[in-house]
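The figures that follow rest on heavy atoms only: side chains count, while hydrogens, waters and symmetry mates do not.
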Amino acid sequence: MSNHSLIRVRRAERRCRWRRLDAARQALLVLARLRNGDTYARLAAGFALGTSTAWRYVREAVDLLATLADDVTAAVLRACRLADERPYYSGKHKRHGMNAQVLADPAGRPAWASPALPGATHDLTAARTTGLIDALTTAKVNTFADKGYQGAGGTIRTPFKRHRLCPPLSRHQRSASRAHARVRVRGERAVATLKTWKVLARLRCCAHHTTPIVQAILVLQLIEEGRCSG
């Protein structure tokens, strides 16, 4: 609610009669005092008021705003909520979200989705945490992943990545990376398929509910494609 809306509501509650300034102008008066530090004499001249009236209007609005300030208990709870949200902020996507790892089959269809982790979790960390890398390596399944999974080891294949202090990639390395990308695009197709379920674009629920939602959508997708084994 804006400043002038608060003032308008308070005036209605008190059944105030006509005022020299409407709610919007009174809000502007208060901002001029608090933001710019204008003296009451300047405010009175600028708003065509008496000095005492300008003082009274500012004091009235300041007292109203002060009643809305959090006490220490509410402030601590707010700080805790903000701290709880920090792990869900993805620096890569510049917004809050969750990180769910998706495994695609050779045809580019979604085959598995991991439990959802906080959005700040790096993809490589998420793949390790969910046991995906170990499972693929144990099964000796060669898997093509993007540059974010470099260092995964096992049977995970990633493209060459140029480092700032290293020489440019060789012709062979660039060619290998292009070939890798042609295979990996199938995995991107699987992710895009899941994103056609619009609820995943902007979840409005507790973070703990994300995993069952993702898993349910995966099952529905498999049923739709006639691939569900359950």
Side-chain angles (χ1 to χ4, degrees), residues 85 87-163 169-230:
E85 291 175 359
Y88 297 96
Y89 183 79
S90 170
K92 177 180 178 180
H93 299 288
K94 307 301 181 184
R95 62 172 181 249
H96 288 79
M98 306 293 290
N99 184 327
Q101 299 291 294
V102 176
L103 182 65
D105 66 13
R109 301 173 300 186
W112 176 83
S114 74
L117 297 174
T121 308
H122 190 278
D123 282 338
L124 179 55
T125 301
R128 284 173 172 161
T129 301
T130 58
L132 178 58
I133 294 175
D134 288 341
L136 291 169
T137 301
T138 299
K140 298 181 180 179
V141 177
N142 286 328
T143 306
F144 291 78
D146 64 29
K147 297 176 183 178
Y149 294 86
Q150 283 198 334
T155 57
I156 309 301
R157 302 289 179 260
T158 58
F160 289 99
K161 181 179 181 181
R162 181 186 177 186
H163 297 281
L169 298 179
S170 67
R171 180 182 301 177
H172 169 73
Q173 289 173 323
R174 293 196 301 271
S175 177
S177 293
R178 286 194 294 269
H180 180 282
R182 286 194 292 271
V183 177
R184 188 178 61 82
V185 72
R186 299 174 187 176
E188 299 296 333
R189 190 183 309 152
V191 174
T193 297
L194 292 179
K195 286 183 177 180
T196 61
W197 298 80
K198 299 301 184 184
V199 69
L200 294 179
R202 182 171 294 180
L203 284 172
R204 296 179 175 85
C205 65
C206 173
H208 300 295
H209 294 162
T210 304
T211 294
I213 289 175
V214 173
Q215 300 288 359
I217 286 175
L218 176 62
V219 171
L220 287 173
Q221 184 66 38
L222 294 176
I223 291 174
E224 186 176 294
E225 297 173 358
R227 297 188 295 122
C228 184
S229 60

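One N or O on the side chain of Thr155 and one on the backbone of Val141 form a donor-acceptor pair closer than 3.5 Å. In this structure, the side chain of Asp123 does not engage the main chain of Gly148 through any donor-acceptor pair within 3.5 Å. At distances below 3.5 Å, not a single donor-acceptor pair connects side-chain atoms of Ser175 with backbone N or O atoms of Arg171. With hydrogens and angles disregarded, a donor-acceptor distance shorter than 3.5 Å links the side chain of Thr196 to the backbone of Thr193.
Residues Thr125 and Asn99 are not in side-chain contact: their nearest non-hydrogen atoms beyond the backbone lie 4.5 Å or more apart. Looking at heavy atoms from C-beta onward, Leu124 lies in side-chain contact with Ile133 at the 4.5 angstrom threshold. A heavy-atom distance below 4.5 Å is found between the side chains of Leu169 and Arg162. Residues Thr143 and Leu132 fail the side-chain proximity criterion, which asks for heavy atoms closer than 4.5 Å.
Atom CG of Asn142 and atom OG1 of Thr137 lie 9.5 Å apart (nearest 0.5 Å). In this structure, CG in Asp146 is found 9.5 Å from NZ in Lys161, a value given to the nearest 0.5 Å. From Gln150, atom CD reaches atom CD1 of Ile156 across 12.5 Å, with rounding to the nearest 0.5 Å.
More than 12 heavy atoms of other residues, nucleotides or ligands lie within 6.0 Å of NE2 in His163, so this atom counts as buried by the packing criterion.
Listed by first then second residue, pairs satisfying ring pair (Phe, Tyr, Trp, His ring centres under 6.0 Å) with a partner in residues 123-152 read Phe144-His180, not counting sequence neighbours.
Residues Ala145 and Pro159 come closest through the heavy atom pair O-CD, 3.3 Å. Heavy-atom minimum distance, Phe160 versus Lys147: O-CE, 3.8 Å. Residue Leu194 comes nearest to Val102 through the heavy atom pair CD1-CG2, 3.8 Å, listed as atom of the first residue, atom of the second, then distance.
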Report, one line per pair, each donor and acceptor closer than 3.5 Å where one atom sits in a side chain of residues 109-120; sequence neighbours left out.
residue : atom : partner : partner atom : Å
Arg109  : NE   : Asp105  : OD2          : 2.9
Arg109  : NH2  : Asp105  : OD2          : 3.0
Ser114  : OG   : Gln101  : N            : 2.8

